[in-house]
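Here's the structure we're looking at; comments come further down.
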Amino acid sequence: MLTRRKELRRRGVGWPWAGQNRVSRIWTEGSSRSGAELLQHHCNSLPHLKQIHALLLRTHHHHLLPIFNCAIRVLFKSNPLSSLRLYLLMTRLSVSPDNFTYPFLLNCSSSPLSPLFVGQELHSRLCKSGFRHHLPVANALIHFYSKCASDADSIPLARLAYDEMPLKDVVSHNSLLGTHARLGQRMHDARALFSGLREKNVITWNAMLLGYANAGDLASAREAFDLMPERDAVSWTVMVVGYSKCGLVDAAKELFCRMPSQNMVCWSVMVNGYSQAGRPEESLALFREMESVGIVPDAASMVGVISAASQIGRPELANWIGDYVDRKGIERNERVLTTLVDMHAKCGNVEEAFSLFNEMPSRDTFAYTALIGGLASNGHGAKVLELFSRMREEGIEPDHVTFVGVLSACSHAGLVDEGLEFWESMIQDYGIEHGADHYACIIDMLGRVGRLEEAYEMVKKMPMGPHAGALGALLAACKTYGNVDIANNVASRLFELEPGNTGNFVLLSSIYASREQWEDAARVRKMMKERGPTKLPGSSWIENDMQRGHRSQKIDQTTYIL
DNA sequence: GTAGGGTTAG
């Protein structure tokens, strides 16, 4: 028995699935349509291309150039290199590219997968072809040099391609400005070009915004943003991201609130921005706002939320967030899992942190460091050392942050010998320089066990100069061990560094008092009162504690659902 | 056919 397809063929229907798919429907409906037109406007995927090719062969419309053009365009979406291979085939078959072929080929050559010389070769061929001054071809050439030349060369080469054009359009201007924008370089030249343009569109303005933002010149970016005649989603996003990257999270928030419609990237930027600025309450408040308008955060925004929760340190909040990630099916990618590990460990739920850590498909430096740091802050010194060995067995390299965790674990657990070994080893075995945080840990460690002289020697050796954290730790140790001499020296440097921190004055004064040096104690208190007007709010321990209490009350209000 | 943005971890 004949299959349906064979039967249709026998009856002369021709294309066996005629009328059943988009391409053949178009073909049968539009009798006047040329094959090239069909390929150009109705072919967007490889199956389409195959169907059309077969149609053209059957109906003897098999001019090769339109088929190649279409194939190069379609294949470009899946793999730019296969488009370039097709170009080689064309040249072998002596089919010359036309003004439709070159823009696509140049686009393929702009891919990072394509070696630079391919585009350069195309450039020389198109110069001989006579299509050099077709606008889309010339514009694509600017784009190619903008993307593919080295950072140092891309602006001059793109500019050369631009200057050689006898006629330019807004796409040409935007392509060149886009080069400045991507690099955030030579914005003076970009501005001169921009000012001279008669034709500008929203993309032209956005290129200026991005260029200024990438150059770190938010004031100029904002000026342009306020001046531009119309803004689209890109304009708002560039500004919100720009402010946030520069740490100006309040300015970012102001624009974010004014955006006509907030996209997920901007939500994510804001949630993460507050978290990174050490303002977890505001990060969580935004998360609540997302929730209340029915937006489920994506993985990137969730990372900000989780990291905010880890700063707050409340176990019930951490558990709620952990459940939320499960309940909403948020992608548990490497970063989400790492941040969850960090959160649970910092909030004291070590079992959960371990269980998530072990659940990870692979554990990198970040994951190990998260768990090590979290365990260290909970005083699990022995577990940290175990974990560090496991990390080395797995061949994962520690970095400077890992060592902050390891040293602080040694400090909290009183593992002085181990701590000093790590201190030496980080330079000798891992080539990691001692940073201010490492010094602070080791000085704290020595101070806690009463090795004040050694700790003081360390302070003097700090290449980055005195550091409030390290000096503060040593001053606290001086109080524990009643060492007035070192306390005197440390405090005088600490007063210079933190003139407004009255806690340091109180500490020194109480050291004198414990040694019954009442006059000195009174002198320090007097000094503190004299400097009173400059003191920062919340600078005593009690005030700090009260502030913390007040803050957590605020959290309770804003995040009571948690 | 050719031009623009993008977030996330320790």
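Protein chains get the first letters and strands the later ones, always in sequence-line order, with residue 1 at the start of each. Both backbone and side-chain heavy atoms feed into the values below; hydrogens, waters and symmetry mates do not.
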Residue pair A:T179 / A:S146, side-chain donor-acceptor N/O under 3.5 Å: yes
Short side-chain N/O contact to B:dA3 OP1/OP2 from A:H143, under 4.0 Å: yes
Sequence neighbours excluded - salt bridge (charged side-chain N to carboxylate O under 4.0 Å, His left out) pairs with any residue from residues 347-375 of chain A: A:R332-A:E359, A:R363-A:E394
Base of B:dG4 paired with side chain of A:D232 (donor-acceptor, under 3.5 Å): yes
Sugar-phosphate only, base, or nothing, as touched by A:F104 at under 4.0 Å among non-hydrogen atoms: sugar-phosphate
Atom-to-atom span, CE of A:M165 to C1' of B:dA3 - whole angstrom: 11 Å
Between P of B:dG5 and CE of A:M228, the distance in whole Å: 14 Å
Within residues 189-207 of chain A: residues closer than 4.0 Å to DNA chain B (heavy atoms): A:N201, A:I203, A:N206
Out of B:dG10, B:dG1, B:dG5, whichever nucleotide has its closest atom nearest the side chain of A:V238: B:dG5
Test item: A:S268 side-chain N/O and A:M264 main-chain N/O as donor-acceptor pair under 3.5 Å: no
B:dG1 base / A:N107 side chain donor-acceptor hit below 3.5 Å: no
Pair A:R390 + A:E393: basic N to acidic O under 4.0 Å: no
Distances under 3.5 Å between protein N/O atoms and the N/O atoms of nucleotides 6-8 of chain B, please, pair by pair.
| unit_1 | atom_1 | unit_2 | atom_2 | d |
| --- | --- | --- | --- | --- |
| B:dT7 | O2 | A:S268 | OG | 2.7 |

Distance, rounded to the nearest Å, where A:F68 contributes CZ and B:dG1 contributes C1': 18 Å
Value in whole Å for how far the P atom of B:dG10 lies from CE of A:M391: 15 Å
Ring pair (Phe, Tyr, Trp, His ring centres under 6.0 Å) against A:F366, all qualifying residues, sequence neighbours excluded: none
Charged N-O contact under 4.0 Å between A:R222 and A:D217: no
Plane angle bin for A:Y324 and A:W320 - parallel if under 30°, tilted between 30 and 60°, otherwise perpendicular: parallel
Residue-phosphate contact under 4.0 Å: A:R73 side-chain N/O, B:dG1 OP1/OP2: no
Rounded distance (Å) that lies between atom P of B:dT2 and atom CD1 of A:I72: 14 Å
Side chain to side chain donor-acceptor pair (under 3.5 Å) involving A:E331 - partner list, sequence neighbours excluded: none
Length of the OH-C1' vector between A:Y368 and B:dG10, whole Å: 14 Å
Salt bridge (charged side-chain N to carboxylate O under 4.0 Å, His left out) partners of residues 65-89 of chain A, not counting sequence neighbours, each pair once: none
